[in-house]
Number of protein chains: 2
Amino acid sequence: MGSRSTVKRADALRSIDAIVKAAAECLGQNPEASLSEIARAAGVGRVTLYAHFASRAEVVDAAMSRAVDRGNQALDAVDLAGDPLLALARYVEASWRLVDQARALLVAAQRELPPGRIRELHSGPAARVETLIARGRSEGVFRTDLPIAWLVNVLHSVMHSAADEIRAGRLTSEHAAGHITATVLAAFTPPGRPVPEPGAGT
Amino acid sequence: MGSRSTVKRADALRSIDAIVKAAAECLGQNPEASLSEIARAAGVGRVTLYAHFASRAEVVDAAMSRAVDRGNQALDAVDLAGDPLLALARYVEASWRLVDQARALLVAAQRELPPGRIRELHSGPAARVETLIARGRSEGVFRTDLPIAWLVNVLHSVMHSAADEIRAGRLTSEHAAGHITATVLAAFTPPGRPVPEPGAGT
DNA sequence: AATAAGTCGAACATAACTGTTTGGCTTAGG
DNA sequence: CCTAAGCCAAACAGTTATGTTCGACTTATT
C-alpha cells in the first residue's frame, strides 16, 4: 500500500515514522488507544494518518512489526553459545523487558490482526529459543519428556507473569530476571536430575 | 443495589439468574460481548437487564463472582492433604479446566472492574494454593528461595499457558494436566534437589 | 380478583470511534 | 522558483454501544 510508483517525500516518511513510533508507544500503554490519540501523540493530524494507513489494522500491524524488529535486533546481540543454562539466563536477562514493553501491544495485535499474522511475526524470536532448548536437550541439561513448543511457551508465560507482578507492585524490576531464570531453569530440568543452583556463573 | 426493602418476586429472581448465567457464558466466549447479546442469550429484554443491573460493570462483576463461586465449590472437593506433590497434582487436575473456561471472562473482568476487585475475587482460590505451597515448603519439597506469591503466579501462569496451547491446537486436553504438573513440580523443586519423576504415585 | 412488581418493544439521547471529503495552506525537491 | 506532494482543521456520514424513558401488557403474590 502507499507508494504506487513515485517515491515518498522526506516529510511523508518522517510522518509515517512518527505515527508508527507513536502507535507502538500508545498501544503499548493502552491497547484500545484510538487513532486520534496516536495521531496526536505523533504530532500529526488525524487525516495525515489516514493518508498513509488505510485502516486501524494497518497501523497496529506496523507498530507490532516495528516492535518485533527492534526486539529481534536486540536479541541478535545476545550470545546463545556455551553452557545452555548460562545462555538461557542471558536470553532471559535480555528479553524479559522487551516482553514486558510489548505486552499491551501484543494484546492490541491479538484483537486487530488475524492469528496467522501474529504467529508469523513471532516466528523469529520463537526459533531462537527453540534451537537453544534443542541444544540444551542434546547436551542432557534440559528435559526431553515435554515438547519443545511447550517449553518455549512456559518461558514466555513466566516472563509475562513477571510483567504482571511488576505492574501489580508485588515484584521489583531488579528481582525479575533472577526469579524468571530460577523458575525456568528448574522447570526445564530433566526429571531425576538436580535443579541447578543459582550461584553457578554469576 | 437491587433490594431496597421489599423482597424480589420469583420471576425477577429467575431473570437475574438467567442474565448472570448468560453473561458468564457470553463473556466466556467473547469478553467484548455487548449487553444486548447477553440479554438475548438470557431470553430477556434489554430493558429488563437494565432494571436489575445499573451498568455493564455490575453485570461483569456478577458473572465473574458466579464463576469464582462455582470454581471454589469445585475445589472444595479436592483433597489437599498428604504428600504436597500429589496434592498439587490433584489441584492442577481439578482446576486447569476451570482456569481455561474462565479465561475470557477474566479478560472482561480485567477491562471493566477495578484491579482491587479482581484480587478480592481471587483471594479465595489463591489462599488455598498458598497454604498448600507453604506446607510443601515446611516439608522441604518446595523451594524457599522464591516468594510464595511468585510461585502461585507461576502456577496460574502455566495453566493459562496450557489453555492458550490448546486453543492454538498445539496441545490436546488429555496431555494438559500432565504437562502442567510436570512443569510446575519441577519449577517448585528446591535448587540442588532432584526434580520428581512422574511415576511417583499415579 | 386486585394491585404492585415485573417484562418488553420501541424510541430517544449521548458518546466514541472509524473513515471520508473539502479546501486552503506549507514545503520538499527538481 | 514553481509545482506537485504533503499537511491539516473542520465537518460529515455511518456504526455501535451504553443508558434512559414511555406505555402497554403479563404475572406473581396477598
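Residue numbers start from 1 in every chain, and the chains themselves are labelled A, B, ... in the order their sequence lines are given, proteins ahead of strands. Predicted model only: the values in this text are computed from it and were never measured. Values below: every heavy atom of this structure, side chains too, minus hydrogens, waters and symmetry copies.
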Expressed as a whole number of angstroms, how long is the span from [X]:[atom1] to [N]:[atom2]?
| X | N | atom1 | atom2 | answer |
| --- | --- | --- | --- | --- |
| B:Glu32 | D:dT16 | CD | P | 14 Å |
| A:Arg56 | D:dG14 | CZ | C1' | 18 Å |
| A:Asp17 | D:dG6 | CG | C1' | 16 Å |
| A:Ile16 | C:dA28 | CD1 | P | 15 Å |
| A:Asp11 | C:dG30 | CG | P | 13 Å |
| A:Arg40 | D:dC8 | CZ | C1' | 15 Å |
| B:Asn30 | D:dA17 | CG | C1' | 13 Å |
| A:Lys8 | C:dG29 | NZ | P | 14 Å |

**Fill in**
Ordered by number, residues from residues 110-118 of chain B within less than 4.0 Å of DNA chain C (heavy atoms) are none
**Request:** With DNA chain C as reference, determine whether B:Ser15 or B:Arg46 sits nearer its 5' end, using the nearest nucleotide of each.
**Result:**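 Checking each residue's closest nucleotide, the 5'-ward one belongs to B:Ser15.
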Any [X] side-chain N or O less than 4.0 Å from OP1/OP2 of [N]:
| X | N | value |
| --- | --- | --- |
| B:Arg9 | D:dT29 | no |
| A:Ser34 | C:dA16 | no |
| A:Tyr50 | C:dG19 | yes |
| A:His52 | D:dG6 | no |

**Prompt:** Is the closest side-chain donor-acceptor distance between B:Asp69 and B:Ser65 under 3.5 Å?
**Reply:** no
**B:Leu98 backbone acceptor or donor facing B:Ser95 side chain under 3.5 Å** =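 No, the answer is negative, given that no donor and acceptor are paired below the 3.5 Å cut-off.
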**Message:** Taking B:Leu80's backbone N and O only, do any of them form a donor-acceptor pair with B:Arg135's side chain (distance below 3.5 Å, no angle check)?
**Reply:** yes
**Fill in**
Correct closest heavy-atom pair for B:Leu75 and B:Ala94 would be CD2-CB, 4.1 Å
**Asked** Which atom names give the shortest non-hydrogen contact between A:Cys26 and A:Ile38, and what distance separates them?
**Response** CB-CG1, 4.0 Å
**Message:** side-chain hydrogen bond (donor to acceptor under 3.5 Å, both in side chains) for B:Ser15 and B:Asp11? Distances and angles first, verdict last.
**Reply:** CA-CA 6 Å; B:Ser15 288; B:Asp11 53 352; over 6 Å; no
**Request:** Counting heavy atoms from C-beta on, name the nucleotide in C:dT7, C:dA28, C:dG19 closest to the side chain of A:Arg14.
**Result:**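 Ranking C:dT7, C:dA28, C:dG19 by closest atom to the A:Arg14 side chain puts C:dA28 first.
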**Prompt:** Nearest of D:dG19, C:dG9, D:dA9 to any side-chain atom of B:Val47?
**Reply:** C:dG9
**Item:** Closest-nucleotide 5' rank along DNA chain D - winner of B:Ser36 and A:Gly45
**Value:** A:Gly45
**Request:** Inspect the contact between B:Arg117 and B:Glu120 and indicate whether a charged nitrogen and a carboxylate oxygen are less than 4.0 angstrom apart.
**Result:**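 Here B:Glu120 pairs with B:Arg117 in a salt bridge, since their nearest N and O are under 4.0 Å apart.
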